[in-house]
*Asks:* 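After the structure tokens below, expect a handful of questions from me.
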Protein chains: 2
Amino acid sequence: MDTNSTTQHTPSQPTNLINCQTCRMSNLCLPLAIDAQELYKLDELIRHSNPLQPRETIFSSGTPFTSIYAVRSGSVKSFFIDPDNHEQITGFYLPGEIFGWDGIAEDQYQTTAIALETSSVCEIPYDKLEQLSDTLPEIKRHVMKLISREINSDQQFIALLAGFSAQQKLASLILSFSDRMARQKRSPTRLWLPMSRIEISNYLGLTIETVSRVFGRLHKNNILKVNKREVEILDKKRLENLTTTSGN
Amino acid sequence: MDTNSTTQHTPSQPTNLINCQTCRMSNLCLPLAIDAQELYKLDELIRHSNPLQPRETIFSSGTPFTSIYAVRSGSVKSFFIDPDNHEQITGFYLPGEIFGWDGIAEDQYQTTAIALETSSVCEIPYDKLEQLSDTLPEIKRHVMKLISREINSDQQFIALLAGFSAQQKLASLILSFSDRMARQKRSPTRLWLPMSRIEISNYLGLTIETVSRVFGRLHKNNILKVNKREVEILDKKRLENLTTTSGN
DNA sequence: CGTAAGTTTGATGTAGGTCAACGGCCGTGG
DNA sequence: CCACGGCCGTTGACCTACATCAAACTTACG
């Protein structure tokens, strides 16, 4: 399974038909100004694994850090288990998004990541990525931007948790999903949420009942059409207003 | 002020008497297995600025990203200003800690950072750091660990905000400060908080009244001795218990 | 068609927010 | 020296957004 990262860039034996060259998401996880030869080198080090079953673990908290991962299809959640055995979700990841950075600091993952649905992810061995970034400064710079972006989104989320009401939190989550669907060139108004109410409420620091009630209210006000995990945004303008303090 | 980062490692003209070789905090921000020559190279690129006044700005949200910063003495807070003009603090930084990573992704700072008290910080121009890390892999690896550590602490904090009660939040904050004082080889029990109640409450997603009341309660229970910004930890064990869900 | 898991809805409780008053500390100015 | 006002923190009375508890309903699957 381990392909040597030689300096050659022959397409190499196709352990898998999947590769970055043809990946619809590569413009998201790799928006690089690198040429085809360089893309081959990158592609060689990435392991395109078989599809993951729903709930299947990608990595576990406390195990040795080896790789970062990009979502290819489906979706992933990452979470802590507190000492008192309470799960706290720290992020949802959609196609084109990268996760696993938390493992670098201590050489072991600090969170556990599992697939929310049938998903496929690209495994990027970190040592190989480091080597490659030595010769390709473009890659190195891009990696730094990706990791900085993770910090930014975490801090945005801190602001959300610290200062927002239940309605503001939920509206922000829906809008975030909408934006990320748009980045995937998918409909930004007709969403299918890959996570349960329990997971939404855990992530937002609320209870399932509150999440359900807020969804109900947004539905009744014709801002969303909500049916279980199907959410349609009917009035994006008003939804955005709800995320501001002034917006009721 | 701009020192050329030559490959020579003469001690160079002392634009300032301060340097990494003699910094008490360098073991925190630079716990590197690098030799003296390499340390010179690193030291050459760092700008040791004059002391900052309380409330003085280090960088502002939206301005071009140039450098990351290490706290040398004093303390720093970083914060967003939401569109609705509400401030949200995202972090407090103590001596030996590094901030400013949020600027990398978009080439401009996403937060504003100001000194909480009279402080001094070391400015580390990011382009120079990138150059240096090309030749010193040890530096590169360390930078990645530092930035990953920022992600970890942000995610720990997300778990805190999402799942904890007012008392758990405040107890965790005090213990975090205690640990970080210990890392500075300072008393972990007698703390002086560099931020106001307003700033604590903003950071923790509470109100000043609640923060005050919880402090009052911890004081009454002989867990803390609280007098304005002076906090003494009287019973660390019980304080730690309070941070768990089971611990009432 | 029975059981279980997820979601919704209603009734009630409470942690923490809001509003208001007060007290200590400090700098300025008479 | 004291009087003053502004800022910060504390304390009390009250209120509300959300949690908790409880029950029904919906869907998936053996």
Side-chain angles (χ1 to χ4, degrees), chain A residues 53-55 77 86-89 116-118 160-174 191-221 224-231 242-243 245 247-248, chain B residues 53-55 77 86-89 116-117 160-174 191-221 224-232 242-243 245 247-248:
Chain A
Q53 296 303 307
R55 305 281 123 186
K77 74 167 175 178
H86 155 84
E87 170 177 326
Q88 179 58 53
I89 298 172
L116 286 170
E117 56 193 306
T118 304
L160 181 81
L161 287 176
F164 283 27
S165 68
Q167 182 165 275
Q168 290 172 329
K169 287 175 177 178
L170 199 54
S172 297
L173 180 67
I174 297 301
L191 315 176
W192 186 83
L193 303 177
M195 75 294 264
S196 70
R197 293 286 188 270
I198 291 180
E199 288 164 327
I200 294 174
S201 62
N202 177 292
Y203 181 62
L204 296 178
L206 301 169
T207 58
I208 48 172
E209 294 94 329
T210 298
V211 170
S212 183
R213 274 185 253 270
V214 174
F215 267 138
R217 185 159 68 243
L218 296 178
H219 185 112
K220 194 153 57 72
N221 295 156
L224 298 180
K225 197 169 136 201
V226 183
N227 186 284
K228 301 280 142 76
R229 296 183 177 198
E230 276 176 23
V231 175
L242 291 184
T243 64
T245 319
N248 173 30
Chain B
Q53 296 302 308
R55 304 282 122 185
K77 74 167 175 177
H86 154 83
E87 169 177 325
Q88 180 57 54
I89 298 172
L116 286 170
E117 55 192 307
L160 181 82
L161 288 176
F164 283 27
S165 69
Q167 181 164 273
Q168 291 172 329
K169 286 175 178 178
L170 199 54
S172 298
L173 180 67
I174 297 301
L191 314 174
W192 186 84
L193 303 176
M195 75 294 265
S196 70
R197 292 287 186 270
I198 292 179
E199 287 164 328
I200 293 174
S201 62
N202 176 293
Y203 180 63
L204 296 178
L206 301 169
T207 59
I208 47 172
E209 293 94 331
T210 297
V211 169
S212 183
R213 275 185 254 270
V214 174
F215 267 138
R217 186 160 66 241
L218 297 177
H219 185 112
K220 193 154 56 69
N221 296 156
L224 298 180
K225 198 169 135 202
V226 183
N227 187 285
K228 303 281 141 82
R229 295 183 178 199
E230 275 176 24
V231 175
E232 184 177 358
L242 291 183
T243 64
T245 318
N248 174 29

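Just so we're on the same page: letters track the sequence lines, and every chain starts at 1.
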*Asks:* Nearest whole Å is fine: how far is C:dT7 P from A:L224 CG?
*Replies:* 16 Å
*Asks:* Run B:K77 and B:E87 through side-chain contact (heavy atoms from CB on, under 4.5 Å) and show every step you take.
*Replies:* CA-CA 12 Å; B:K77 74 167 175 177; B:E87 169 177 325; 2.8 Å; yes
*Asks:* Assess the residue pair A:L116 and A:E199 against the criterion (side-chain contact (heavy atoms from CB on, under 4.5 Å)); give the C-alpha distance rounded to whole Å, side-chain angles, the decisive distance to 0.1 Å, and a yes or no.
*Replies:* CA-CA 10 Å; A:L116 286 170; A:E199 288 164 327; 3.7 Å; yes
*Asks:* Which value, rounded to the nearest 0.5 Å, describes the distance between B:L173 atom CG and B:L160 atom CG?
*Replies:* 8.5 Å
*Asks:* Would A:N202 and A:Q88 satisfy side-chain hydrogen bond (donor to acceptor under 3.5 Å, both in side chains), going step by step from the backbone distance to the final call?
*Replies:* CA-CA 6 Å; A:N202 177 292; A:Q88 179 58 53; 3.3 Å; yes
*Asks:* Just by protein heavy atoms under 4.0 Å, how would nucleotides 7-19 of chain D read 5' to 3' in B, S and -?
*Replies:* --SBBBB----SS
*Asks:* Would you mind reading off the distance between B:L204 atom CG and C:dA15 atom C1', rounded to a whole angstrom?
*Replies:*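 Computing the B:L204:CG to C:dA15:C1' distance gives 15 Å.
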*Asks:* If an axis is fit to five pairs at each end of the helix from C:dC1-D:dG30 to C:dC26-D:dG5, what is the angle between the two, to the nearest 10°?
*Replies:* 30°
*Asks:* Closest approach of B:R197 and B:V226, non-hydrogen atoms and distance?
*Replies:* NH2-CG1, 3.7 Å
*Asks:* Does the distance from a Lys or Arg side-chain N to an Asp or Glu carboxylate O, for B:E117 and B:R55, drop under 4.0 Å?
*Replies:*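 Salt bridge absent between B:E117 and B:R55.
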*Asks:* To the nearest Å, how far apart are A:E230 CD and D:dT26 C1'?
*Replies:* 15 Å
*Asks:* Determine, step by step, whether A:T210 and A:F215 satisfy the side-chain contact (heavy atoms from CB on, under 4.5 Å) criterion, reporting the C-alpha distance in whole Å, the side-chain angles of both residues, the deciding distance to 0.1 Å, and the verdict.
*Replies:* CA-CA 8 Å; A:T210 298; A:F215 267 138; over 6 Å; no
*Asks:* By the salt bridge (charged side-chain N to carboxylate O under 4.0 Å, His left out) test, which pairs, at least two apart or in different chains, include something from residues 160-173 of chain B?
*Replies:*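 Those involving residues 160-173 of chain B do not exist here.
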